[in-house]
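To start, the structure itself, in structure tokens.
Atoms within each ligand, like the ligands themselves, are counted from 1 in listed order. One-based numbering along the sequence shown. Values reported hereafter were calculated over all heavy atoms of this structure, with side chains retained and with hydrogens, waters and symmetry mates removed.
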Amino acid sequence: MVGEALARVAVLLSGRGSNFLSLHAAMERGEIPARVVVVVSNKSKAAGLAKAVELGIPAITIPRQRSTSQQHDQRVLEVLRQHSVEWVCLAGYMRLLSPSFVAAFPRRILNIHPSLLPSFPGLEAQRQALQHGVRVSGCTVHLVDEGLDSGPVVVQKAVAIEDDDTESSLAARILDQEHRAYPEALHRLLTQEWAVEGRRIQWRGGYVGRVSGP
Ligand code: GAR
């Protein structure tokens with residue numbers, strides 16, 4: 001990737017931050033032509049923020065407090081502009097973005113969700129899958145639109161559900177796949193030509209995968 005400009009990525013998170021770390025690690029290995037220039041959270045105690053600080057990445061809390069959703073998103077947008085962000089990766093960011101936020105980064109916002117969308121959007125996707133009795137679940141990386149866990153699918157990885165799975169055992173196996181899916185999705189979007197047609201992403205040319213995963 002030497003000589004290529006690195007895309008400036010913001011990661012928005014509300015918790016643990018393992019997807020942030022898997023993206024960052026793939027970038028550090030030179031597998032994705034991008035770098036995380038800022039991490040933003042709505043939760044000051046999010047473990048992912050502390051990890052960003054350890055890595056020397058600007059880590060900023062913007063609590064919702066008494067602001068409206070719109071006001072909160074404007075404050076986040078301001079921070080992203082200050083860091084000249086080009087792409088936004090939601091990684092366990094438990095807030096729905098306002099339409100003006102989505103419009104500020106057209107087709108440049110990604111989200112990861114722990115189910116095979118459009119099945120089981122929203123909270124506790126792994127529990128929803130177990131309760132429904134499906135035999136296969138997984139994870140989805142998708143472009144963000146104004147809906148909840150909707151938007152064109154970029155990458156999906158399937159995970160078989162075992163008879164003795166609990167919510168936590170299933171979540172752990174899905175998380176392993178998330179850590180592969182997110183770097184792969186960002187890599188594809190940054191290195192391949194693509195267009196959105198209807199709900200589908202149409203990829204032009206072949207894909208030479210370079211992301212090894214964790
Ligand atoms: C991940 O499992 C991610 O898919 C999920 O939150 C977790 C965050 O983990 N996101 C959603 O459910 C969004 N609808 P992490 O903080 O370790 O990356």
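The protein non-hydrogen atom at the shortest distance from atom 5 (C) of ligand 1 is Pro114 CD, 3.8 Å. Among protein heavy atoms, the minimum distance from atom 16 (O) of ligand 1 is reached at Gly17 N, 2.7 Å. The nearest heavy-atom contact from the protein to atom 14 (N) of ligand 1 is His113 ND1, 3.0 Å. Protein heavy atom in closest approach to atom 10 (N) of ligand 1: Ile112 O, 3.6 Å. In terms of protein heavy-atom proximity, atom 8 (C) of ligand 1 is closest to Gly92 CA, 3.6 Å.
Note: Phe101 CZ to Leu80 CG = 5.0 Å, rounded to the nearest 0.5 Å.
Taking 4.0 Å as the cut-off between side-chain N and carboxylate O, Glu184 and Lys157 count as a salt-bridged pair. In this structure, Arg107 does not pair ionically with Glu86, as no charged nitrogen and carboxylate oxygen lie closer than 4.0 Å. Residues Asp73 and Arg64 are not paired through a salt bridge, judged by the lack of any N-O separation under 4.0 Å between the basic side chain and the carboxylate.
When each atom of ligand 1 is checked for a heavy atom of Glu178 under 4.0 Å away, the hits are 1 (C), 2 (O), 3 (C), 4 (O). Near Arg16, meaning under 4.0 Å from one of its heavy atoms, ligand 1 places the atoms 9 (O), 15 (P), 16 (O), 17 (O). Under a 4.0 Å criterion applied to the non-hydrogen atoms of Ser18, ligand 1 contributes the atoms 15 (P), 16 (O), 17 (O), 18 (O).
The residue Leu90 has no part lying near ligand 1, judged by heavy-atom distances below 4.0 Å.
Checking Ser150 against His142 by side-chain atom types alone, no donor-acceptor pair falls below 3.5 Å.
Ligand 1 has no nitrogen or oxygen under 3.5 angstrom from a nitrogen or oxygen of Asn111. Residue-to-ligand polar distances keep Met94 apart from ligand 1: every N/O pair is separated by 3.5 Å or more.
Under the 4.5 Å side-chain heavy-atom criterion for grouping Ile, Leu, Val, Met, Phe, Trp and Tyr, Val76 is connected to Val102 within one hydrophobic cluster.
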Decide side-chain hydrogen bond (donor to acceptor under 3.5 Å, both in side chains) for Ser100 and Gln70; before the verdict, give the C-alpha distance in whole Å, the side-chain angles of both, and the deciding distance to 0.1 Å. CA-CA 8 Å; Ser100 57; Gln70 179 84 9; 3.1 Å; yes
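Within the structure, the closest approach of Asp149 to ligand 1 falls below 4.0 Å when heavy atoms are considered.
A cation-pi geometry, defined here as NZ or CZ lying under 6.0 Å from the six-membered ring centre and within 45° of its normal, does not hold between Arg8 and Trp87.
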